[in-house]
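One is the number of the first residue; the rest follow in order along the sequence. Worth knowing before you read on, the calculation uses all heavy atoms, side chains too, and leaves out hydrogens, waters and symmetry mates.
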Amino acid sequence: MDSPDQTSPRQLGSVIGAPIDALTWSEALARISTWASVRQSRYVCICNVHSVVTARQDPSFAQVLVQADMATPDGAPVAWLMRKLGTEGQERINGPDLMWRYCGEAAQRYESIYLYGGQQATLNILERKLLAQFPGLKIAGAYSPPFRALTPEEDAAVVESINASGAGTVWVSLGCPKQEKWMAEHKGRINAVMIGVGAAFDYHAGTIQRAPLWMQHSGLEWLHRLCREPRRLWRRYLVTNTLFIVHAVSQLAGLSARR
């Protein structure tokens with residue numbers, strides 16, 4: 001299903017060692033659209049602080065990011081560090097907004113998408129909301145995987161279902177790093193662009209409340225999530241945010257020294 005890539009050459013920056021694409025919203029959407037139009041098997045990682053810190057600690061996950069066809073700067077700190085490193089005006093390109101914007105464009109093209117992940121009840125609500133908002137959108141299929149690992153036979157059936165659906169994109173909501181590793185394992189098997197979008201299904205379905213716009217625009221969405229789920233997230237944010245600051249300061253200091 002692959003064909004020569006007609007998109008613009010990648011410009012990669014290193015964010016505490018993780019390769020992240022320097023790009024605009026329009027470029028990100030255009031790349032996915034181009035690949036999806038011919039159903040190329042590719043995957044896109046949406047990288048926040050947790051992602052880039054995990055990549056420093058887990059070599060196998062770091063390799064997943066290296067092999068990604070696109071890695072967008074999610075998280076205000078990631079976009080901020082890219083601007084400090086020379087990518088002027090780099091915006092935060094996050095999963096929920098990328099999914100919503102893409103679905104809006106896909107609806108105008110009557111393009112098919114596939115939803116993978118989340119609970120079945122969430123998928124049911126999400127499908128209704130997407131179709132109500134984007135009448136031209138085609139949802140070719142949706143699958144809520146069990147919490148256990150799929151058997152080889154089950155996995156093969158899922159791959160066959162996705163490929164037979166005709167979907168150009170597969171939106172994957174399994175959480176980091178599970179979704180990224182799943183996409184990497186299925187590259188070359190699934191004939192579509194896979195995009196890992198974290199909690200986007202829950203946000204758009206309304207099963208989890210997203211931060212107010214002012215918090216999103218101020219880089220405080222992580223604080224909203226922490227306040228809503230302190231027991232589950234306090235350790236993650238305390239440890240990963242602290243490590244990110246340490247590594248970012250070290251990277252900036254090294255850049256200054258070279259200059």
Side-chain angles (χ1 to χ4, degrees), residues 1-3 5 7 10-23 28-29 31-36 38-75 78 93-96 98-99 102 113-118 141-163 165 167-201 236 240:
M1 300 297 294
D2 286 351
S3 64
D5 190 355
T7 57
R10 294 180 73 181
Q11 296 183 28
L12 289 171
S14 174
V15 175
I16 67 168
I20 307 296
D21 285 83
L23 76 176
L29 290 164
R31 286 185 190 179
I32 297 172
S33 174
T34 298
W35 298 333
V38 287
R39 300 189 66 202
Q40 290 189 9
S41 185
R42 295 179 180 266
Y43 70 91
V44 176
C45 296
I46 313 295
C47 298
N48 57 17
V49 166
H50 180 237
S51 301
V52 296
V53 170
T54 300
R56 287 189 67 93
Q57 301 170 328
D58 180 352
S60 65
F61 182 69
Q63 194 60 27
V64 167
L65 295 190
V66 168
Q67 294 175 351
D69 295 283
M70 185 165 71
T72 74
D74 183 13
V78 176
I93 300 178
N94 63 85
L98 182 65
M99 178 180 174
Y102 190 86
I113 69 167
Y114 196 100
L115 305 172
Y116 185 94
Y143 181 72
S144 174
F147 288 104
R148 61 170 174 79
L150 297 182
T151 65
E153 293 77 16
E154 290 172 329
D155 185 67
V158 169
V159 171
E160 182 179 357
S161 173
I162 294 173
N163 289 339
S165 75
T169 56
V170 180
W171 299 87
V172 185
S173 183
L174 298 174
C176 175
K178 184 177 180 180
Q179 65 192 14
E180 287 79 12
K181 292 183 177 181
W182 184 89
M183 293 188 298
E185 291 167 359
H186 288 80
K187 183 174 180 179
R189 297 178 59 203
I190 289 178
N191 301 324
V193 186
M194 297 167 279
I195 308 101
V197 290
F201 288 13
R236 165 178 158 177
T240 57

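- Counting only heavy atoms from C-beta outward, the side chains of P73 and N94 never approach each other to under 4.5 Å.
- Applying side chain to side chain contact (heavy atoms under 4.5 Å, CB included) to C47 and the options L65, T72, V78 leaves one that passes, L65.
- Annotation for A192 and A167: closest pair CB-O, 3.5 Å, computed over non-hydrogen atoms.
- I190 places none of its side-chain heavy atoms less than 4.5 Å from the side chain of R39.
- Proximity of T169 to Y114: side-chain heavy atoms (C-beta onward) are nowhere separated by under 4.5 Å.
- Contact annotation: the side chain of S33 never approaches that of W35 to less than 4.5 Å [non-hydrogen atoms, C-beta and beyond].
- Here F61 contributes atom CZ and K181 contributes atom NZ; the two are 7.5 Å apart, rounded to the nearest 0.5 Å.
- Atoms CD and SG, from Q179 and C45 in turn, are 8.0 Å apart once rounded to the nearest 0.5 Å.
- Listed by first and then second residue, the ring-ring contact (aromatic ring centres under 6.0 Å, His included) pairs that reach into residues 170-198 are Y102-W171, Y116-W182, W182-H186, sequence neighbours excluded.
- Residues A200 and S173 share a closest heavy-atom pair of N-OG, 4.4 Å.
- At a threshold of 4.5 Å between non-hydrogen side-chain atoms, the residues V158 and I162 count as touching.
- Residues L98 and I46 have side chains in contact (heavy-atom distance under 4.5 Å, counting atoms from C-beta outward).
- Evaluation of the salt bridge (charged side-chain N to carboxylate O under 4.0 Å, His left out) rule for R56 yields no partner, not counting sequence neighbours.
- Closest of all the heavy-atom pairs between T240 and V53 is O-CG2, 3.6 Å.
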side-chain contact (heavy atoms from CB on, under 4.5 Å) between L115 and Y143: does it pass, once the steps are laid out?
CA-CA 6 Å; L115 305 172; Y143 181 72; over 6 Å; no

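- Rounding to the nearest 0.5 Å places OH of Y43 at 7.5 Å from CE of M183.
- Listed here is the closest heavy atom pair of A71 and P19: CB-O, 3.5 Å.
- Partners of D69 by side chain to side chain donor-acceptor pair (under 3.5 Å), not counting sequence neighbours, listed by chain and number: R42, K187.
- Within the 4.5 Å cutoff, no side-chain heavy atoms of I195 are placed close to those of V172.
- Atom CD of E180 and atom CD of Q67 lie 13.5 Å apart (nearest 0.5 Å).
- Partners of E160 according to the salt bridge (charged side-chain N to carboxylate O under 4.0 Å, His left out) rule, which considers only residues two or more places apart in sequence or in another chain, do not exist here.
- By the salt bridge (charged side-chain N to carboxylate O under 4.0 Å, His left out) test, D21 is found to be paired with R10, R31, residues two or more places apart in sequence or in another chain being considered.
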side-chain contact (heavy atoms from CB on, under 4.5 Å) between D155 and R189, intermediate numbers included:
CA-CA 11 Å; D155 185 67; R189 297 178 59 203; 2.8 Å; yes

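- Across P145 and G118, no two heavy atoms sit closer than the pair CD-O, 4.4 Å.
- Side-chain contact check for I20 versus V52: some heavy-atom pair is nearer than 4.5 Å.
- By the side-chain contact (heavy atoms from CB on, under 4.5 Å) test, S144 pairs with Q120, L123, sequence neighbours left out.
- More than 12 heavy atoms of other residues, nucleotides or ligands shown are found within 6.0 angstrom of CD on E154.
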